[in-house]
**Student:** 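Below you'll find the structure I mean.
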Amino acid sequence: MTTIRDAAQKIMQTAIGLAPERWLPGGTPDPLIGRHGAIGSSVPRVDGPRKVKGEAPFAAEVPARNMTYAALVYSTIARGHIATLETDAAQAAPGVVLVMTYRNAPRMAPPAVFMSDPRAAGASSLPVMQDDAIHWNGEPIAVILAETQEQADHAATLVRVTYTEEAASTSFEYAAAHAHRPDNVLGEPAVIEIGNAEAALAEAAHKIDRTYHTPRYSHAAIEPHAATVWWEADGQLIVHDATQMLNGTRWTLAGIFGLKEEQIRILSPFVGGGFGGKALWNHQILAIAASRLSGRPVRVALSREGVFRVSGGRTTTRQRVALGARADGTLSALIHTGIAAMTAYNNCPEQFSFPARHLYAAGSFKLEQKVADIDMVANTFMRAPGESVGTFALESAIDELADDMGLDPIELRRRIEPAKDPTSDHPFSSRHLLDAYARGAERFGWSARSPTPRARREGEWLIGMGVATATYPYYRMPGGTARITLTRAGHACVAMASHEMGMGTATVQVQATADRLGLPLTHVTFAYGDTALPPGTIAGGSSQTASIAAAVTAAGEKLVSALLKLVGNASPLAGLKAGDIVARDGGLGHRALADRFESYVSILSRANRDQVSAEAEAPMPLEVQKYAMHSYGAQFCEVRVNAVTGETRVSRFLGAFDTGRIVNPRTAASQFRGGIIMGLGLALTEETLFDERTGRIMNASLAEYHVPVHLDVPEIDVIWTDTPDPRAPLGAHGIGEIGITGVGAAVANAVYNATGRRIRDLPITLDKLLGST
Amino acid sequence: MLITINGRGMEVALDPRTSLLDLLREHLELHGTKKGCDQGACGACTVLADGERILSCMALAVQYEGRSISTVEGLARDGTLHPLQQAFIDHDGFQCGYCTPGQICSAIGMAAEIARGVPSAVTPDLAAITILPTRDELRERMSGNLCRCGAHNGIIDAITEICTTEAAA
């Protein structure tokens, strides 16, 4: 996503310095920042009733006449070629409509891999079913279409295949020995060196030099990936998808199938959890190809195993963090380097070194990322890619240093709080991390923690507390366009091909638009999830709230201009300029003169118009060129570790966040808690088990991939500074990802405080703590 | 075969391999019941069979001939949400909404289990006549229903509200 930003930066760098822009120095902060209205209210989700009634239609639930059901056959080797492939029995099985393999699949261009173009959405650049080559264990080698899912599933078992195997890269240690530095890490340099950090480390009065390991993780959204697709008689392609990148998917599919974008419509009004995983993988492409061959609609609903085979997750990392400190607790050296496993066909190097680029002051820095090529399903973005596992390493090391120096870990962070961004030198737009720490420590009761490990014990249970910093960048994606349609009845509908996967997007945009236009919540709707609407930006990088709000602001300004053109001489608004106008009380009025006001209903009635529409693209996100813009948090954790079994239970958790203004406390709390809970899984239970002999994922099920369940989740307290960022639309930052950051370290640090054992290898399973008595 | 779905008797003709879940979703177009794993691991497909919660993906439809099945679509009455549906909204007990129907159906079945005095792994006194719907009881008993958005606190809050209201009534 940074590369998308990066591509836009070239344009921005020429544009910057032209007309002062709202979010820049000299620009006026969003006027809604100081206003109290719908923004800041705990509004219930607008899609709540449909969801609790089971009426929200997901991608695998869209009806189509003459439907066929798809089943996929997956390779069982990691690399090589198909030697023999027998499909006659499958073809002859009851109900089978089509067996598609590389022999009869239509010719398709390889997907444009994400980051290769601002519009690209492909998870990998590998061609899809175009020849007999196998690139990962689990790659689809055949598609069966049948009249029912049962018939398709059965026929899939009848396909017989043999392979010519080739040596595959499936060992992380082996691949790490040949790791290489990528050209860039999401558009940022792969290495940053300031001063001579290794020399400073060698001379430091206090030093920590540790290696941390994090495993593969899976998004494990409860809705398996699915699509329902068909070709219309006029050649139009309809894709009901579960996606967090509507327009990118459309552009990429157009390239694969040689279509114009206008010939494709993608709909995705409801997505049953994304977390980075609901992207363009093989299954949609294969379903579209099979639909073209069969001439019938296709529903491809991946099995749970299929989700693990076809869509990748977070990759494994090995990270070194070395900290050199002076006697006063300030840092003379900050080193964060490491290796992430990646395929040769994608571009997702798990940016674990990003937090260290922005969090703390140090006399010298060495930050470097490498990648190790592995033959596996393409890894991808998963909730706070990089920052989630990067903060595990960095924040564990900070805790180790504090312990080594006999300093409270929060006090150590006070001493290394930077005045400006430590690697870019940019001023912070808004940074209140220490405020978050202070509020969190007070509420959590941090002062009750003993700095000495193993100081609290209740029977078999050792009890400890830990803390860690959360951080995630502010992103605002370019390219989004909003259309506002205002009706004569005084209702506004905002339309933009955005994504609502449960984050509360639709709800908070209704709130923001209501305040922007001076309308009650009941008079605003938000249309999204359909490429027939003006283009949206991806649901990634916690960017949608700001990205959509900026587009709505631009469209709102156009709408005001359009309305002013409609008012005649008889209107109280006659003669007023857009700059004089504020939207309030269901209409427009002079910013100072109360009687110069006319309602929207009156304006449209007087002009005899049923509706007025305005559409505008958000301005480029120039604010990130001038400011270091990030969100922060302090994660507090209390664990109980069983001294006999090594079982860790999280008994209390509090997250104190500094993420700009909170638009909706209710949905925000859920986003924070959701991130924290996924972080508890990252810390304690989750691991995608990869057999390094075969390259096969061995726990491709929700029975063996262990997401936290109800009993694993304590009541989670979340608080926030609610301090607006003057450089962000609404003063708000996106908050979908920050919740997971820092959690791994907060748990590990609490485990250390409880047991005296440092676990530097996630997840912290029982075996690693056995013998803690 | 004959089967009752949300109070309506229906006659269906089926491939005997069809699961109860696929009968609902693919044959009767009742998509409220969700498929999350199709192997009994996630609870998204939970429905009530004669009031008892079951995983419809692990049930062949033909096993339920003559039985009465309730799904999420049958909970609201005359356009009014079931109190637990409303409580899920009030406590923000969901985000994406995909696990939600299973959570709600499971909770209704679970509340009946508590009312019947069926103990769980965390029940302090297995012989107790009355079991209190404590948070620990609810969390243990709902652990077969996975949620990935992390709405666990809101879900338990919503169920607590209903269980305590019913216990008081």
**Student:** With respect to chain A, which residue among B:G74, B:G150, B:C96 yields the maximal number of heavy-atom pairs within a distance under 4.5 Å?
**Tutor:** B:C96
**Student:** Of all of B:C149, B:G32, B:G154, which one pairs up most often with chain A through heavy atoms under 4.5 Å apart?
**Tutor:** B:C149
**Student:** Go through the atoms of A:A221 and report whether side chain, backbone, both or neither lie under 4.5 Å from a heavy atom of chain B.
**Tutor:** backbone
**Student:** Side chain, backbone, both or neither: which part of A:M503 has a heavy atom under 4.5 Å from chain B?
**Tutor:** backbone
**Student:** Would you name the heavy atoms of B:G36 and A:L702 that are closest together and state the gap between them?
**Tutor:** O-CD1, 4.2 Å
**Student:** Quick check on A:I677 against chain B: is it the side chain, the backbone, both or neither that has a heavy atom closer than 4.5 Å?
**Tutor:** side chain
**Student:** What part of B:I155 gets within 4.5 angstrom of chain A, counting heavy atoms only: side chain, backbone, both, or neither?
**Tutor:** side chain
**Student:** Indicate yes or no: at least one non-hydrogen side-chain atom of B:C147 is less than 4.5 angstrom from one of A:I222.
**Tutor:** no
**Student:** Measure distances from B:I89 to the heavy atoms of chain A and classify the residue's part below 4.5 Å as side chain, backbone, both or neither.
**Tutor:** both
**Student:** Just give me the residue among B:G93, B:C99, B:C37, B:G102 that pairs up with chain A most often, heavy atom to heavy atom, under 4.5 Å.
**Tutor:** B:C37
**Student:** Side chain from CB out, backbone as N, CA, C, O: work out which of these in A:P63 comes under 4.5 Å of a heavy atom of chain B, or both, or neither.
**Tutor:** side chain
**Student:** Testing the basics here: between A:G54 and B:P101, what is the closest heavy-atom pair and its distance to 0.1 Å?
**Tutor:** CA-CG, 4.2 Å
**Student:** For A:V713, is it the side chain, the backbone, both or neither that has a heavy atom under 4.5 Å from a heavy atom of chain B?
**Tutor:** both
**Student:** Please state whether the side chain, the backbone, both or neither of B:L146 comes within less than 4.5 Å of a heavy atom of chain A.
**Tutor:** both
**Student:** Tell me whether B:Q63 at atom CD has more than 12 heavy atoms from other residues, nucleotides or ligands lying less than 6.0 Å away.
**Tutor:** yes
**Student:** At a 4.5 Å cut-off on heavy atoms, which part of A:F270 comes close to chain B: side chain, backbone, both, or neither?
**Tutor:** neither
**Student:** Please flag which part of A:A301 lies under 4.5 Å from any non-hydrogen atom of chain B: side chain, backbone, both or neither.
**Tutor:** neither
**Student:** So which atom in B:A41 and which in A:A703 form the shortest heavy-atom distance, rounded to 0.1 Å?
**Tutor:** CB-N, 3.6 Å
**Student:** Are there donor-acceptor atom pairs under 3.5 Å between chain B and chain A, and if so which?
**Tutor:**
unit_1 : atom_1 : unit_2 : atom_2 : d
B:R25  : NH1    : A:E61  : OE2    : 2.9
B:R25  : NH2    : A:E61  : OE2    : 3.3
B:E26  : OE1    : A:Y69  : OH     : 2.8
B:E26  : OE1    : A:R299 : NH1    : 3.0
B:K34  : NZ     : A:E61  : OE1    : 3.0
B:K34  : NZ     : A:E61  : OE2    : 2.9
B:G36  : O      : A:R304 : NE     : 2.9
B:G36  : O      : A:R304 : NH2    : 2.7
B:Q85  : NE2    : A:V52  : O      : 2.9
B:I89  : O      : A:R666 : NH1    : 3.1
B:D90  : O      : A:R666 : NH1    : 3.0
B:D92  : OD1    : A:R45  : NE     : 2.6
B:D92  : OD2    : A:R45  : NH2    : 3.0
B:D92  : OD2    : A:S670 : OG     : 2.5
B:F94  : O      : A:R45  : NE     : 3.3
B:Q95  : O      : A:K51  : NZ     : 2.7
B:Q95  : NE2    : A:S670 : O      : 2.9
B:C96  : O      : A:K51  : NZ     : 3.3
B:Q103 : OE1    : A:H710 : NE2    : 3.1
B:R135 : NE     : A:E715 : OE2    : 3.2
B:R139 : NH1    : A:L711 : O      : 3.1
B:R139 : NH1    : A:V713 : O      : 2.9
B:S143 : OG     : A:L711 : N      : 3.0
B:R148 : NE     : A:H219 : O      : 2.6
B:R148 : NH1    : A:E686 : OE2    : 2.6
B:R148 : NH2    : A:S218 : O      : 2.9
B:R148 : NH2    : A:H219 : O      : 3.4
B:R148 : NH2    : A:E686 : OE1    : 2.8
B:R148 : NH2    : A:E686 : OE2    : 3.4
B:N153 : OD1    : A:R673 : NE     : 3.4
B:N153 : OD1    : A:I716 : N      : 2.7
B:N153 : ND2    : A:P714 : O      : 3.0

